[in-house]
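The block underneath contains the structure these notes are about, expressed in structure tokens.
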2 protein chains.
Amino acid sequence: MAGIREQKKQDTRQAIMQAAIKLFSEKGFEKTSIEELAKAAGIGKGTIYSYFQTKSDILHAFCEDELVCLHQELTDNADKEIPILQQMVAIYMSEFRLITENREFGRLFMQQTAFPRDVDLAQHLENEDNYFKLLFPLLEKAQDRGELRKDVELLHIVGHFYGLYLLLVSAWYTGRIPTEEAEIALETLFRQAMEGLGPLPESGRTKN
Amino acid sequence: MAGIREQKKQDTRQAIMQAAIKLFSEKGFEKTSIEELAKAAGIGKGTIYSYFQTKSDILHAFCEDELVCLHQELTDNADKEIPILQQMVAIYMSEFRLITENREFGRLFMQQTAFPRDVDLAQHLENEDNYFKLLFPLLEKAQDRGELRKDVELLHIVGHFYGLYLLLVSAWYTGRIPTEEAEIALETLFRQAMEGLGPLPESGRTKN
DNA sequence: GAAAAATATTGACTGCAGTCAGTTTTTCTC
DNA sequence: GAGAAAAACTGACTGCAGTCAATATTTTTC
């Protein structure tokens, strides 16, 4: 049977990830060498490269895993009846917390996620699609409740929120938005997105 | 007098930039080594590092220069009376063209610009401030013409547009938006931003 | 204009990411 | 279960980014 080999592969991958989390957290990403990492994981240097293409891939894989869990959890447990604005803020804020928990990790992850190398595209698109699949139902419900326009594609709506999230993270890295103001800033941006930047119609703004 | 030294410094910097443009264009960024670059510029390897902190800084400095010129030119010559939406599309599209002209350059530039390393923060913030100063007058005029809400901070408006621009570039790198659809996509996003994602008030949407 | 101080330049050196030819381990075949 | 085929593992090796102690050039001082 094809059992031992598969099992070992899982174990090795796990060992690399474990060692990576430990060392990256202790010494930082840059200061940890692949050779150290290999030693800590109890394998040879070359082996790492049959599991991950580059050093930062290891980090990225870890973040990706965390995010997938987080998103799944959030969308499963979310209260789907509260206003979509609050739902989106909640989802993106927990992503934000994960990213900003470790400044250095987060930067590499965001750089790779927002502007991925061509080599990583296939993987990236798959992750992104899964992500959209999680958000779409929430947005559809919101459309049904009349909170969102129905004449705009869901993909565009997701994109819109995501763009503003990118801005938030960018502004955090430049120091324009400090951690403690992030949530309020995101809410403000999302509210602006809902209401529009154009002039108020004479009937006044819709709220929330 | 403090002339010869200053002059030489200018010349050397220029020589590095020239050599960089040439080699990066011919062989690509990754394939060009600092040693080659130094030889092409007629200086020693170490000297490069007293002008730029890292290899990608050289690229970044080049892009930054180009963008500063471009923005100045655009905002000077722009027709300040056409709808703000068209103005913003024009400005960001020329930035987009510059970025996407060379995929690899552009990626590094965007990664650095959106999520800059802490070492580069001071420089980055200065550039960003200059950039805002160029856009603010355009937005203020638009507010006066009644095209933009006056109860939203200019910084938030700029941020909003910039976030959507980040999204566009990101979507281009993932292949979700092909080059030829970029302009229409950006216009759509910006229009959505103006109109809002929330439900249409009974009086109907404002147009443009 | 000579000696001293300040600044710029240099390339040999270090450390590490990533490769690859050779070796070991697992699976398949009869 | 022996021998062949396939897959995984390994660490010596390569190439390059970035450093730094030594050297060269420019400016300042008297």
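Letters A, B, ... mirror the listed sequences (proteins, then strands); counts begin at 1.
At whole-Å resolution of the value, CD in A/Q7 and P in C/dT27 are 11 Å apart. B/Y49 has its OH atom 15 Å from the C1' atom of C/dA12, to the nearest Å. With rounding to whole Å, A/E30 atom CD is found 17 Å from C/dG15 atom P. Look at CD1 on A/I16: it is 14 Å from P on C/dA17, rounded to the nearest Å. In this structure, B/D11 places its CG atom 15 Å from C1' of D/dT26, rounding to the nearest Å. The distance between atom CD of B/E36 and atom P of C/dG11, rounded to the nearest whole Å, is 16 Å. Nucleotide C/dT9 holds its P atom 19 Å from the NZ atom of B/K39, rounded to whole Å. What separates NZ of B/K27 from C1' of D/dC16 is a distance of 12 Å, to the nearest Å.
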Pairs under 3.5 Å (N/O, protein and nucleotides 6-10 of chain D):
| from | atom 1 | to | atom 2 | distance (Å) |
| --- | --- | --- | --- | --- |
| D/dA7 | O4' | A/R5 | NH1 | 2.8 |
| D/dA8 | OP1 | A/K9 | NZ | 3.0 |
| D/dC9 | OP1 | A/Y51 | OH | 3.4 |
| D/dC9 | OP2 | A/Y51 | OH | 3.3 |
| D/dT10 | OP2 | A/G44 | N | 2.7 |
| D/dT10 | OP2 | A/T47 | OG1 | 2.8 |

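Ring geometry for B/Y92 against B/Y131 counts as perpendicular: the plane angle is over 60°, on a 0 to 90° scale with 30° as the lower cut.
Distance alone, capped at 3.5 Å, places no donor-acceptor pair between the B/R107 side chain and the B/I99 backbone.
Between the CZ atom in B/F190 and the NE2 atom in B/H160 there is a gap of 9.5 Å [rounded to 0.5 Å].
Looking at A/E101 and A/R97, no side-chain N of the basic residue comes within less than 4.0 Å of a carboxylate O on the acidic one, giving no salt bridge.
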Which atom pairs, one a donor and one an acceptor, fall under 3.5 Å between side chains of residues 15-27 of chain A and the rest of the protein, sequence neighbours left out?
| from | atom 1 | to | atom 2 | distance (Å) |
| --- | --- | --- | --- | --- |
| A/K22 | NZ | A/E26 | OE2 | 3.0 |
| A/S25 | OG | A/I21 | O | 2.6 |
| A/K27 | NZ | A/E36 | OE1 | 3.1 |
| A/K27 | NZ | A/E36 | OE2 | 2.5 |

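Sorted by first and then second residue, the side chain to side chain donor-acceptor pair (under 3.5 Å) pairs with a member in residues 134-145 of chain B read B/R145-B/E147; sequence neighbours excluded.
Note on A/T32: only backbone sugar-phosphate atoms sit closer than 4.0 angstrom, heavy atoms only; bases stay farther off.
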